[in-house]
A.B. asks: 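This structure is in structure tokens; I'll ask about it shortly.
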Amino acid sequence: MANKTQEVGGIHFPFPFTPYSIQKDFMAELYQVLEAGKIGIFESPTGTGKSLSLICGALSWLRDFEQKKHQEEARLLETGTVPLSDGQEQSPSLSSSCKETPDTLRPVGEPDWVTQFVQKKEERDLVDRLKEEQVRRKKREERLQQIRHNAQLKYAAKRMRQEEEEMERVLRLSREALAAGAAAELPEQPACGEEDLVLAEYESDEEKGAAGRVDQDEDGPEEEHVTKIYYCSRTHSQLAQFVHEVQRSPFGKDTRLVSLGSRQNLCINEDVKTLGSAQLINDRCMEMQRSKHEKSRAEEEKPKRRKQERRATCPFYGYEQLQLLRDQVLVGVKDIEQLVALGKEARACPYYGSRSAIPAAQLVVLPYQMLLHAATRQAAGIRLQGQVVLIDEAHNLIDTLTGIHSAEVSGSQLCQAHSQLLQYMERYGKRLKAKNLMYIKQILYLLEKFVTVLGGNTKQNPNTQSLSQTGTELKTINDFLFESQIDNINLFKVQRYCERSMVSRKLFGFTERYGTVLAPSREQPKLAGFQHFLQSLQPTVTQTSVTPVEEGEARVPRLASPLMHIESFLAALTTANQDGRVILSRQGSLSQSSLKFLLLNPAVHFAQVVKECRAVVIAGGTMQPVSDFREQLLACAGVEAERVVEFSCGHVIPPDNILPLVICSGPSSQQLEFTYQKRELPQMMDETGRILCNLCTVVPGGVVCFFPSYEYQRQVYAHWDKSGLLARLAVKKKIFQEPKRANQVEQVLMEYSRCIKCCGQAGGTVTGALLLSVVGGKMSEGINFSDNLGRCVVMVGMPYPNIKSPELQEKMAYLDQTLPRGPGQPPPGKALVENLCMKAVNQSIGRAIRHQKDFASIVLLDQRYARPPILGKLPAWIRDRVEVKATFGPAFAAMRKVGPAFSSPTPRELPTPEVSCLTAFPCRLSFIVRSLSLPDGRPTIAWVPGSSFPLPT
């Protein structure tokens, strides 16, 4: 693939091939947005090369930005002076690490010589920092070049690590042998490994400042962050696909790219990976790092006290190992799988190795959650100040932000956490410091009050505990705190204690060791009364011995401690009162009831990203309706309207390759309006079946039909089966249904694809397959029905969300109160419902057209789609080609215009209709005869102008 440089508006864009005109426009607009520091909303349909446009456009800007920065630095170093006076800003090319604020407030009436002296000092300091940065950059480039061209260094370092590990192993065996010999002389000790379960002494911020931060790298001076681009998407598979595009692009060899992921994806320590749960893996990893730091401090202090049991440290977490892995990561573009393989080879942790490479990276690829969640962002070492953020697949960005910062806990989890924590305190209370006991009692009090506000009691079994009052209740955060009688507790301190003490991790280890049930002992007779109760909370757990679980034993998959879920709920309660609500859902029993925090204002968490970044680009294949992003996200985050830039490009397919149809009535003239009140009527379900029967007659390959919900799909399928419509459909298409279980999706898709391929090769009456899917289900996002897999996509009705949902009603009321209502516009709450519906529609109907030569028809079955406000919320490339058909006949005839396969139907695709009433016309007529189905199943004739078609005599 020969690289070709395209020049657009005086800017050179390297590209692997000759780009489409819309790709040139995309790159040029993206370049301008990044240069001007704006917020861009970019829409580029799937199949138009969006990923390559993002890569080549953004990295071209970064190339020019770095070149300008280096030229500016060279000029400043040559002259030794920096223009800082008169409130003028420095050159935007200078990195944020080298900038000083020029307009620092100075005392009024300050002498000129003082001002000049301070200014000269600032200039000298900046020049010194520039020199230091230049030296660091030169050393880094030399180091990477050395690794790139001298593989011997890599293997020498590997041999050195192996020798060090062997030495450490011998020393460890010697220590264990000495410890075993001295064990008989020691007094009675706690059970093996139990020391790890006891909480360490806790000091609050007031007592020790910020010294309690554990999850930070303490080795060596911190490296300055160069200007970089953060690219994030929804899934690891999408990120891997993006990395492969970078590898194939003209920038693949020279770009310093780092792929970030969670510990769950990157951990290579088998003992930690077997924990399964992401929360458990995180906690165990941080605990091992803490053990490493405590070990280092203990060796420095050398205390003269009895040695405690040694805690495990991670063998893959070493300074020299991580430094070498960091450099190897920066040498070439690697995805997550390649990073893990490299970490195993280097015996260095890929999670921490990739983190240490962030400062020097030019392009950082990471999942949504890592960028959008402030605590995760900080823990990963991500700094957004002056950087560029590209958010791809951003159509569900608002939902993602809401989901990340919402939390729900069940009554069963609250009771279980209360019981476990109470037993923990009873067992280790005498060994815990006063500060730990105080916080544990506060957490127990919170759990008890949460259960009480639901109408339950922590001393009874939640499974058998019925509630006198049922229903759903919404409260503001303050009202919930007052009603729960916990407004006098500082939740910020409790949350900080949970994070730093890792009490949930200790509690999990405690329950793992003793199977949640402790036998009575002479020292703790009070524990005996809890055994039966704890067993009733976990009916699947059999009678467990007090003896700790042996290491080689088979275990069921581990679940996170219930206290971990409750920590997320406590963190959510620290949100500002106006930005969230607490939903109390009281069901039949306490175990089925729940407390849920609902975030109403996701912009509060997005505001920091927008404020710190130089530029933010929100991109996707289907971004309509854009009003949600402008109003709910950007305006509420404090972004001025003039800073927002919208860009939407068309599709690369020819106009004849797509036919979007809005059909207002069916073959029997039944008006199509699938409202909640009408959609379950037998005549509506019959009419839907007849439409599909006729479409399946003329559409080759695959037809994908989307229903508003799983329940409605089930009802329609059962009705068709009873009426015989299902059998008639099966004559032309083999029928598949979307499974509810995610692990069955791949199998159904493979069978669906295999059936279409076989039908295309074998011929016969069955011409393909019909897939019945659900809007918002597994098939509506991320699945490509390209080519014969999706020659026609049918949308049955409009998938409005449940308007009776308390969460949706509260969100609508919140928007009505906070957002202004434009003249002639619906209330913001009503607009939200329409936008949610059309976002789901746009995602579903975009499954068909996936590349330039693809072709398909899109059929919208509901007359409400013909309304201008609804049509306006379709993607532009679909909206501009929509044809509204009041009756079914013209719509049916229009299907033949789509693509080459529809233009030249074989005689098998045009069945001979019943024409006994037409035998009086022994001539060729200029219309097409199609067979349509009446309600009673008899075929009739649709007379549609078109090419001549000989009638049978």
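Values reported hereafter were calculated over all heavy atoms of this structure, with side chains retained and with hydrogens, waters and symmetry mates removed. Heads up: numbering here begins at 1 and tracks the sequence. This one's a predicted model, so the numbers in the text were calculated from it and none came from an experiment.
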A.B. asks: Say whether Q608 and R377, considering side chains only, have a donor N or O and an acceptor N or O under 3.5 Å apart.
C.D. replies: yes

A.B. asks: Apply salt bridge (charged side-chain N to carboxylate O under 4.0 Å, His left out) to the pair K24 and E29, showing each step before the final yes or no.
C.D. replies: CA-CA 9 Å; K24 294 180 181 179; E29 189 69 24; over 6 Å; no

A.B. asks: Ignoring hydrogens and angles, tell me if any N or O in the side chain of S753 forms a donor-acceptor pair with the backbone of L749 under 3.5 Å.
C.D. replies: no

A.B. asks: Check whether K334 reaches the backbone of G332 with its side chain - one donor and one acceptor, N or O, closer than 3.5 Å.
C.D. replies: yes

A.B. asks: Tell me whether the rings of F13 and Y31 are parallel (<30°), tilted (30 to 60°) or perpendicular (>60°).
C.D. replies: perpendicular

A.B. asks: So, the side chain of R821 versus the backbone of Q825: is there a donor-acceptor pair under 3.5 Å, distance only?
C.D. replies: yes

A.B. asks: For a quick test of reading the model, state the closest non-hydrogen atom pair linking R256 to A360 and the distance between them.
C.D. replies: NE-O, 2.7 Å

A.B. asks: Which atom names give the shortest non-hydrogen contact between S259 and L339, and what distance separates them?
C.D. replies: O-CD2, 3.4 Å

A.B. asks: How long is the straight-line distance from CG of D25 back to OH of Y20, given to the nearest 0.5 Å?
C.D. replies: 14.5 Å

A.B. asks: Please answer whether the main-chain N or O of F855 pairs with a side-chain N or O of R791 as donor and acceptor at a distance below 3.5 Å.
C.D. replies: yes

A.B. asks: By the side-chain hydrogen bond (donor to acceptor under 3.5 Å, both in side chains) test, which pairs, at least two apart or in different chains, include something from residues 359-372?
C.D. replies: E66-Q362

A.B. asks: Can you see which heavy atom on S354 is nearest to which on L260, and at what distance?
C.D. replies: OG-CD2, 3.8 Å

A.B. asks: To the closest 0.5 Å, what do you measure between CD (Q863) and SG (C664)?
C.D. replies: 6.0 Å

A.B. asks: Just grab all the salt bridge (Lys or Arg N to Asp or Glu O under 4.0 Å) pairs involving residues 38-53, residues at least two apart or on different chains.
C.D. replies: K50-D392, K50-E393

A.B. asks: Of all heavy-atom pairs between N842 and P875, which one has the smallest distance, and what is that distance?
C.D. replies: OD1-CD, 3.2 Å

A.B. asks: Show your working on side-chain contact (heavy atoms from CB on, under 4.5 Å) between V644 and V639 and close with a plain yes or no.
C.D. replies: CA-CA 8 Å; V644 181; V639 178; 3.8 Å; yes

A.B. asks: Flag the pair F707 / S773 as yes when at least one side-chain heavy-atom distance between them is below 4.5 Å, and no otherwise.
C.D. replies: no

A.B. asks: So, does Q387 use its side chain to make a donor-acceptor pair with the main chain of Y230 at under 3.5 Å?
C.D. replies: no

A.B. asks: To the nearest 0.5 Å, what is the distance between OG on S648 and CZ on F42?
C.D. replies: 10.5 Å

A.B. asks: Between K811 and Q632, is any pair of side-chain heavy atoms under 4.5 Å apart?
C.D. replies: yes

A.B. asks: Rounded to the nearest 0.5 Å, what separation is found between the OG atom of S44 and the CG atom of L54?
C.D. replies: 8.0 Å

A.B. asks: Show your working on side-chain contact (heavy atoms from CB on, under 4.5 Å) between Y231 and L363 and close with a plain yes or no.
C.D. replies: CA-CA 7 Å; Y231 172 90; L363 179 59; 4.3 Å; yes

A.B. asks: side-chain contact (heavy atoms from CB on, under 4.5 Å) for L397 and F629? Distances and angles first, verdict last.
C.D. replies: CA-CA 9 Å; L397 178 60; F629 297 100; 4.2 Å; yes

A.B. asks: Are any side-chain N or O atoms of Y865 and backbone N or O atoms of G797, one a donor and one an acceptor, separated by less than 3.5 Å?
C.D. replies: yes

A.B. asks: Measure the shortest side-chain to side-chain distance between V882 and L871 over non-hydrogen atoms and say whether it is less than 4.5 angstrom.
C.D. replies: yes

A.B. asks: Keeping Q247 on the side-chain end and D335 on the backbone end, is there a donor-acceptor pair under 3.5 Å?
C.D. replies: no

A.B. asks: Flag the pair F647 / I41 as yes when at least one side-chain heavy-atom distance between them is below 4.5 Å, and no otherwise.
C.D. replies: no

A.B. asks: Does some side-chain heavy atom of V775 sit less than 4.5 Å from a side-chain heavy atom of P708?
C.D. replies: no

A.B. asks: For side-chain contact (heavy atoms from CB on, under 4.5 Å), just list the numbers for L384 and K228, CA-CA rounded to whole Å, side-chain angles, deciding distance to a tenth of an Å, and then say yes or no.
C.D. replies: CA-CA 9 Å; L384 298 181; K228 59 176 57 65; over 6 Å; no

A.B. asks: Would you list the pairs meeting salt bridge (Lys or Arg N to Asp or Glu O under 4.0 Å) in which at least one residue belongs to residues 862-876, sequence neighbours left out?
C.D. replies: E834-K873, D862-R864

A.B. asks: Taking atom NZ of K757 and atom CG of L789, what is their separation to the nearest 0.5 Å?
C.D. replies: 11.0 Å

A.B. asks: ring-ring contact (aromatic ring centres under 6.0 Å, His included) with H373: which residues, sequence neighbours excluded?
C.D. replies: H405

A.B. asks: Quick one: does any side-chain atom of Q238 pair with a main-chain N or O of T235 as donor and acceptor, under 3.5 Å?
C.D. replies: yes

A.B. asks: How far apart are the closest heavy atoms of R614 and F65, and which atoms are they?
C.D. replies: NH1-CE1, 3.6 Å

A.B. asks: A side-chain contact here means heavy atoms from C-beta on lying under 4.5 Å apart; do L239 and L366 qualify?
C.D. replies: no

A.B. asks: Out of curiosity, I858 CD1 to S844 OG, how far, rounded to the nearest 0.5 Å?
C.D. replies: 11.0 Å

A.B. asks: Does any part of the side chain of V617, heavy atoms only, come nearer than 4.5 Å to the side chain of I391, both counted from C-beta?
C.D. replies: no

A.B. asks: Sequence neighbours left out, what passes side-chain contact (heavy atoms from CB on, under 4.5 Å) with E245? Give chain and number order.
C.D. replies: S51, L52, I55, R248

A.B. asks: Tell me which pairs pass salt bridge (Lys or Arg N to Asp or Glu O under 4.0 Å) where either residue lies in residues 618-639, with sequence neighbours left out.
C.D. replies: R630-E646

A.B. asks: Sub-3.5 Å donor-acceptor pair from the side chain of Q23 to the main-chain atoms of P19, do we have one?
C.D. replies: no

A.B. asks: Please step through side chain to side chain donor-acceptor pair (under 3.5 Å) for the pair S262 and N265, ending with a clear verdict.
C.D. replies: CA-CA 5 Å; S262 63; N265 292 103; 2.8 Å; yes

A.B. asks: Just by modelled atom types, is the P660 backbone N or O under 3.5 Å from a matching donor or acceptor in the E883 side chain?
C.D. replies: no

A.B. asks: When you compare the side chain of S627 with that of N835, does any pair of heavy atoms fall below 4.5 Å?
C.D. replies: yes

A.B. asks: Shortest non-hydrogen contact from C792 to L695?
C.D. replies: SG-CD1, 4.5 Å

